[in-house]
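Please read the structure below before turning to the comments.
Values below: all heavy atoms of this structure, side chains included; hydrogens, waters and symmetry mates excluded.
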There are 2 protein chains.
Amino acid sequence: MKRNILIIGAGGVAQVVAHKCAQHNDVLGDIHIASRTVEKCAAIVASVHEKKAMKRPGILEAHTLDALDVAATKALIARTKTEIVLNVGSAFINMSVLQACIETGAAYIDTAIHEDPLKICETPPWYGNYEWKRREACAKAGVTAVLGAGFDPGVVNAYAALARDDYFDRMDSIDIIDINAGEHGRYFATNFDPEINFREFTGQVWSWQNREWTSNRMFEVRKDWDLPVVGTRTSYLTGHDEIHSLSRNLDVPHIRFWMGFGERYVTVFTVLKNLGLLSEQPIKTAEGLEVVPLKVVKAVLPDPSSLAPDYTGKTCIGDLVKGVKDGREREVFIYNVADHAAAYAEVGSQGISYTAGVPPVAAAMLIARGDWDVRTMANVEELPPRPFLDLLNQMGLPTRIRDETGDRALDFSDDAADEPVLARRVASGRR
Amino acid sequence: MKRNILIIGAGGVAQVVAHKCAQHNDVLGDIHIASRTVEKCAAIVASVHEKKAMKRPGILEAHTLDALDVAATKALIARTKTEIVLNVGSAFINMSVLQACIETGAAYIDTAIHEDPLKICETPPWYGNYEWKRREACAKAGVTAVLGAGFDPGVVNAYAALARDDYFDRMDSIDIIDINAGEHGRYFATNFDPEINFREFTGQVWSWQNREWTSNRMFEVRKDWDLPVVGTRTSYLTGHDEIHSLSRNLDVPHIRFWMGFGERYVTVFTVLKNLGLLSEQPIKTAEGLEVVPLKVVKAVLPDPSSLAPDYTGKTCIGDLVKGVKDGREREVFIYNVADHAAAYAEVGSQGISYTAGVPPVAAAMLIARGDWDVRTMANVEELPPRPFLDLLNQMGLPTRIRDETGDRALDFSDDAADEPVLARRVASGRR
């Protein structure tokens, strides 16, 4: 049993994480929130109290922390008696925070792959460039490190594992589809940090096709999908974290990620990219001022957290899996639909932050309870999916299934018996 | 007879001005070019020599000058024995340069209205906010100041005066149409300083309708025209300098300006404006750096002068005038067609710079010859149009006429007899 949580980061996702930890502090224990700007942490603490989200009286504290400083992070972990670190800060700090966990024995959870600020779209698989290099160190130290435990990556990896376990003898393709059918009422805004958002799309698009890495340009490959609740939506082949672990951990020839974009997004992105305004490399103005264009674009765009109060509509994110079960071809869509306004009412954040912030708290609870405390590094698809999806079902992100027999909620009455096997498989270090 | 030219500015238009002055240095005398960056002036000098543009041996020199420094400008005027100052620098320096001319007695020519860097689209008529306030000072000092003597404003004002003198008893409307049907082969570029270009369109659009100032938004009013050579083209109602003097100096109920824009321009402009990237007001990045977004946009866009070598196609700019002559309704289009590649071959600049740079040199020659040396301030429509258009006809910008009898070159064989009257009208200070 591990207890006491340190949340690193203070953006929209951290806000959701804090609220959900508070709602489950009987399991999770003390809650600490740390970021460079302690005022942002304090605002989250205030928001948790305002919603009376603490399940029972307990510790909820804000701290100042530069998470790139491993010694400072270790000291804060020790001082707060933290046993589980929930890293939802910028993608640039993963390796520093992970190192602090390895050296202190605290469990580690994150929701996105580490990035180098000066590099974009590195060689696949991306996990191989950073996190996976510490796998042996985690195993040796007996440190549980769950990588990519947001929604995508995260829940969609669990959906893939569920498909493998329960719905297919052989999977031929996994298409992960992420549609935000919400409306924020602004001319243009990104749903999370614009800098990180645009960085996802300015390089090449990596997908796993015919068991090989395939490169495309952003907005080169388009596909319309007919989806539950949100209807027919346009998406584009996009590079994304989960492909980089699923391609290694599952035996599936085609794994692709499709992100929904409206016309407005495509237009704005295309103009900014073509003009050079999304560049992460500094330029000089006529007056001699050195400036990174992408940081100027970030500065003029709306703060993503400011969108929440007016956000309406729903998200639909899931895995469309094709393959064979009992000798017959089939197609199964495993998905969740989330509602922006409902998320705001519950935790003060919009739906994108909600889908990203609830799953890592579920992961923390599984580590606290022992189900996922595998004492090594693991991607989500290497861990038993049913307890995770069961928890999410209770925590606001229910799983639904659409197949040849119709559309229904995932049934948790017959929890699968093979999960201990999977947990053992990870614990033995299988890659 | 006035002689010796000081060109202020060293951009694409200044390059054309220098070449054309050199081609006519028998009339104009010494040629001096001054700007903050003397290297840019030196490059223009080199380009003039490379093309062997000097009509006869003479002085052609580069100087460093901050034209906002009136004393420095006066000193340079005195030192170079300049009698005609050709201001083709940024629109922010007009009032300083004009003041230096008033204090030294040198004639003044510019091609655009003065602008305050921190203001956009001021109250109409724009000339009333700045230049016209110095009209009395010019008259008192006997200083000739010809305002807006580029193509538009400039030649199109002369077209309007020609229509009044020769083609109409009563004018009901003047639609000035500016179409660039050229192709530079880039994703996006402006044809002159992006900062000045975008500033024209970010505020409200002022037009003169029913003898009143009327306000619209940019890209709100669209109109297609069927034009000579360039064919059917889309344009948008645009605020522009010439409306602000023509509405005062001519008795015409409707005076509008239409600028041609391709879809690409409209898309890029719309995105940048809506995001706030065309703002002239400083913002702060997350890192605390203060920066003006418009200056960052300018820095990432192609240098307009770099477009010239690859520019192909033509421009068509003119006045479509409707009214009554001898009791009959008529419609006359007075226009010029210029060719980008021909301009580059002759003076090393593209067609937009060519159309803007040749007319002020013609104006300088008319001042040198005495025709336009009115010893007061005048907009172009207050001066006799035929000698100006006659000179432009010889200098590379021929005037053509399209009316009910067909399409033909303007005939200079019967130069109008009423011109001395017009010149006197200006000299007497009529507004």
Next on the checklist: Taking side chain as everything from C-beta outward and backbone as N, CA, C, O, which of these in Thr270(B) sits under 4.5 Å from a heavy atom of chain A? Side chain, backbone, both or neither.
Outcome noted: both
Next on the checklist: Within residues 32-44 of chain B, which residues come under 4.5 Å of chain A, heavy atom to heavy atom?
Outcome noted: none
Item to check | chain A neighbours within residues 299-313 of chain B, where any heavy atom lies under 4.5 Å away | outcome: Ala299(B), Val300(B), Leu301(B)
Checklist entry - Which distance, rounded to the nearest 0.5 Å, do you find between the CG of Leu277(B) and the CG of Leu275(A)? => result 9.5 Å
Next on the checklist: Looking at Glu61(A), I want to see if its CD is surrounded by more than 12 non-hydrogen atoms of other residues, nucleotides or ligands under 6.0 Å.
Outcome noted: yes
Checklist entry - Would you say Leu289(B) and Val296(A) make side-chain contact, with heavy atoms under 4.5 Å? => result no
Item to check | Within 6.0 angstrom of Glu220(B) CD, more than 12 heavy atoms from elsewhere | outcome: yes
Checklist entry - Under a 4.5 Å heavy-atom cutoff, which of Lys298(B), Arg186(B), Glu287(B), Lys284(B) has the most pairs with chain A? => result Glu287(B)
Checklist entry - Based on non-hydrogen pairs under 4.5 Å, which of Thr285(B), Val291(B), Asn274(B) is most in contact with chain A? => result Asn274(B)
Checklist entry - Should we say atom CD of Glu263(A) is surrounded by more than 12 heavy atoms from elsewhere, each under 6.0 Å from it? => result no
Next on the checklist: Is Ile283(B) close to chain A through its backbone or its side chain, or both, or neither, when contacts mean heavy atoms under 4.5 Å?
Outcome noted: side chain
